[in-house]
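Heads up, the thing below is written out as structure tokens.
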Amino acid sequence: MTKPPATIFALLDCNNFYASCERAFNPKLRKRPIVVLSNNDGCVIARSAEAKALGIPMGAPAFKFQPLFRKHGVAVFSSNFALYGDMSRRVMDTAARFTPDMEIYSIDEAFLRLDRMHDRPLDVARRIRATIQQWTGIPVSIGIGPTKTLAKVANRVAKKHPEHGGAFSLEDHPDRDRILTDIEIEDVWGIGRQYGKKLREFGIRNALQFSRLDKDWVRKRMTVNGMHTLLELQGVPCLPLEQTVATPKSIVCSRTFAGSLTDKDKLAEIISGYAARTGERLRAQGCVAGHLQVFMLTDRFRLDRPQYSNAAVSSLVAPTSRTPDLIRAARKVLDQIFKPGYEYRKAGVMLFGIEKEQGRRLHLFEPSPEERARSKAVMETMDRINAKWGAMTMRLGAEGTGKRWVMRQAHLSPRYTTNWRELPVVRLD
DNA sequence: TCTGGGGTCCTAGGACCC
DNA sequence: TCTGGGGTCCTAGGACCC
């Protein structure tokens, strides 16, 4: 009997993705430190290499770092997810030309399988990298290993040591032990702050030490997931390439407001807007939802103010993706949980009980087929218009007519690739 | 004034049933 | 009053990821 050929995983990861997206359309930003801020321009969620070198940490509150930004000429951007999402698609489409065995893991990462190809994995990786750079302007790093977890490790090495040219392979690497020794325990994929702290109490400080622990000991303390991490570090694949896109279990839209809010009608408009956004995403997945939750809370950082938070669920009469149904349910829940006199700082809408619309069993209280077809057509038209002309071009009255005043976005870049009115202009002087 | 948003999975323990 | 084992389902909490 011949052994099945070993799998070879590659992890492709965009370097400082959001910062790189901003830079791709603005050559003046080359070499300049860049930070991208969260919603409301609250905290730093992405940094260019230059910004990291200035010691700006991930999650840094923007207001505390203003002086540093000014002093070093840091280019500051509000997050522009329309741009990042579209750039992500371009990167992924480019990678997919090289192999069909690909799992899009996040907006800026993909796992690929590089066995079953003619050329050496490292050579393929270098070609993928160069092509993505050329076609999209986004720099990526690629790590290669016999398991996903080791591919992650290799990716770290590729990022940290530029002398490898952005691609590094750990398969059959003679010095694997030394490399694993250099990986801090919290930097292992699947081991976060809590487990890291716990492991350090046992004297486990790096990936190599962890990989030599007893399987059952790890399982008992870190669940089956921790055991998988252990085995994967030893080169035993436990996590397969997931190529089918699963139906989401939940869809959330929530925001922290730029200021606080006491007015129930305004809150109702905002929550209606969130319900509409979840509906759009639900329909984009071809799904319907059975339950809708609304939650709201006061400012958790202002302990001198009265605190209140609450959430409640409404079961929809029949699973639906129609925006009016979702808004109606959300407003009903708001009536239940709203308490006057509090300054609300954050609210959100969550859908769950999600299933594919096609082929599902119909519910007793389902609208008639004619009614369903008609409302489906209305929703589709709305989604098409908003896709073409920008989000919220067309919306329901319940969402309010005011501007999106609740969100602060003082440093927003143009939607270069997804809006005709914001295309970049090239001047040849 | 100022600290994001969106997800997944696992386990322990309680309620309930036979 | 004490006495059992085994199974399922649900929820809360805790961990992780980007």
Side-chain angles (χ1 to χ4, degrees), chain A residues 11-18 35-47 56-67 69 76-81 84-85 88 103-111 148-149 152 155 185-199 218-229 232 238-239 242 245-261 274 277-278 281-282 285 291 293 295 297 299-305 311 313 343 345-354 406-411:
Chain A
L11 174 67
L12 182 158
D13 191 329
C14 300
N15 300 350
N16 316 317
F17 183 54
Y18 300 163
V35 298
V36 178
L37 305 181
S38 64
N39 277 318
N40 278 324
D41 297 342
C43 61
V44 174
I45 57 168
R47 307 155 295 159
I56 300 167
M58 190 71 168
F63 73 95
K64 279 191 189 165
F65 283 79
Q66 271 325 323
F69 293 165
V76 178
F77 291 94
S78 304
S79 38
N80 184 345
F81 286 103
Y84 312 150
S88 171
E103 168 190 344
I104 297 176
Y105 178 70
S106 73
I107 193 166
D108 71 335
E109 283 175 76
F111 287 103
K148 282 181 163 181
T149 306
K152 276 265 187 186
N155 192 284
I185 188 66
E186 300 78 6
D187 293 337
V188 174
W189 189 42
I191 299 179
R193 268 224 314 277
Q194 301 304 319
Y195 283 143
K197 202 174 137 203
K198 201 154 127 189
L199 287 164
V218 172
R219 185 183 179 136
K220 209 170 109 193
R221 287 166 181 77
M222 302 173 63
T223 84
V224 69
N225 295 326
M227 191 183 73
H228 286 158
T229 301
E232 287 239 322
C238 299
L239 308 171
E242 311 273 5
V245 190
T247 304
K249 304 245 186 320
S250 61
I251 293 176
V252 182
C253 178
S254 73
R255 293 284 179 279
T256 302
F257 313 141
S260 59
L261 203 56
Y274 298 167
R277 301 292 84 70
T278 58
R281 274 147 60 192
L282 195 60
Q285 299 274 342
H291 313 277
Q293 184 188 58
F295 59 91
L297 31 312
D299 192 336
R300 65 199 164 103
F301 294 104
R302 292 295 303 269
L303 294 173
D304 54 321
R305 299 284 173 82
V313 176
E343 296 181 0
R345 193 67 214 292
K346 180 176 180 175
V349 170
M350 172 156 46
L351 304 180
F352 48 102
I354 296 172
V406 280
M407 203 148 102
R408 183 169 17 222
Q409 288 189 309
H411 313 279

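Proteins get letters first, then strands, A, B, ... in listed order; numbering begins at 1 in each.
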Could you pull out the closest heavy-atom pair between Tyr274(A) and Arg255(A), with the gap in Å? OH-CB, 3.0 Å
So, using salt bridge (Lys or Arg N to Asp or Glu O under 4.0 Å) as the criterion, who are the partners of Arg277(A) when residues are at least two apart? Glu280(A), Glu399(A)
Closest-nucleotide 5' rank along DNA chain B - winner of Tyr18(A) and Pro248(A): Tyr18(A)
For Lys346(A), report the nucleic acid contact type (base, sugar-phosphate, nothing); a contact means any heavy atom under 4.0 Å. sugar-phosphate
Taking salt bridge (Lys or Arg N to Asp or Glu O under 4.0 Å) as the definition, give me every residue that meets it alongside Arg281(A), ordered by chain and number, with sequence neighbours left out. none
Partner residues of Ile107(A) under the side chain to side chain contact (heavy atoms under 4.5 Å, CB included) criterion, sequence neighbours left out: Phe17(A), Tyr18(A), Tyr84(A), Ser88(A)
Answer with base, sugar-phosphate or nothing: what part of the nucleic acid does Ser250(A) contact at a heavy-atom distance below 4.0 Å? sugar-phosphate
Sorted by chain and number, sequence neighbours left out, side chain to side chain contact (heavy atoms under 4.5 Å, CB included) with Pro57(A) holds for Ala60(A), Phe65(A)
What's Leu37(A) touching, base or sugar-phosphate or nothing? Going by heavy atoms closer than 4.0 Å. nothing
Arg305(A): salt bridge (Lys or Arg N to Asp or Glu O under 4.0 Å) partners, not counting sequence neighbours: Glu343(A)
Go ahead and write out DNA chain C as dot-bracket, 5' to 3': ( ) for pairs within the strand, [ ] for ones crossing earlier pairs, | when the partner sits on another strand, dots for unpaired; Watson-Crick or G-U wobble, both distances under 3.5 Å. ....||||||||||||||
For dC2(B) and dC18(C), measure between their P atoms and round to the nearest Å. 30 Å
With sequence neighbours excluded, tell me which residues meet side-chain hydrogen bond (donor to acceptor under 3.5 Å, both in side chains) with Ser78(A). Asp41(A)
Range on DNA chain C touched by chain A - first to last nucleotide, heavy-atom distance under 4.0 Å: dA15(C) to dC18(C)
Which part of the nucleic acid, if any, lies within contact of Asp108(A), taking any heavy atom under 4.0 Å across all strands shown: a base, the sugar-phosphate backbone alone, or nothing? sugar-phosphate
Using a strict heavy-atom distance below 4.0 Å, which residues from residues 188-195 of chain A are in contact with DNA chain C? Val188(A), Trp189(A), Gly190(A), Ile191(A), Gly192(A), Arg193(A), Gln194(A), Tyr195(A)
Would you classify Lys64(A) as touching base, sugar-phosphate or nothing, given that sugar-phosphate means primed atoms plus P, OP1 and OP2, and contacts are heavy atoms under 4.0 Å? nothing
Under 4.0 Å, counting only non-hydrogen atoms across every strand here, what does Arg281(A) touch: a base, just sugar-phosphate, or nothing? sugar-phosphate
Residues two or more places apart in sequence or in another chain: which of them pass side-chain hydrogen bond (donor to acceptor under 3.5 Å, both in side chains) with Gln66(A)? none
Which part of the nucleic acid, if any, lies within reach of Arg277(A) when heavy atoms closer than 4.0 Å are counted: base, sugar-phosphate only, or nothing? nothing
How do Ile45(A) and Lys220(A) order along DNA chain B: which one's closest nucleotide is nearer the 5' end? Ile45(A)
What is the nucleic acid contact for Gln66(A), judged by heavy atoms within less than 4.0 Å: base, sugar-phosphate only, or nothing? nothing
Would you please name every residue forming a side-chain hydrogen bond (donor to acceptor under 3.5 Å, both in side chains) with Asn80(A), sequence neighbours left out? Ser413(A)
Between Lys148(A) and Glu242(A), is a salt bridge (charged side-chain N to carboxylate O under 4.0 Å, His left out) present by the stated rule, with each step listed? CA-CA 11 Å; Lys148(A) 282 181 163 181; Glu242(A) 311 273 5; 5.4 Å; no
Applying side-chain hydrogen bond (donor to acceptor under 3.5 Å, both in side chains), name anything that partners Gln293(A), two or more places apart in sequence or on another chain. none
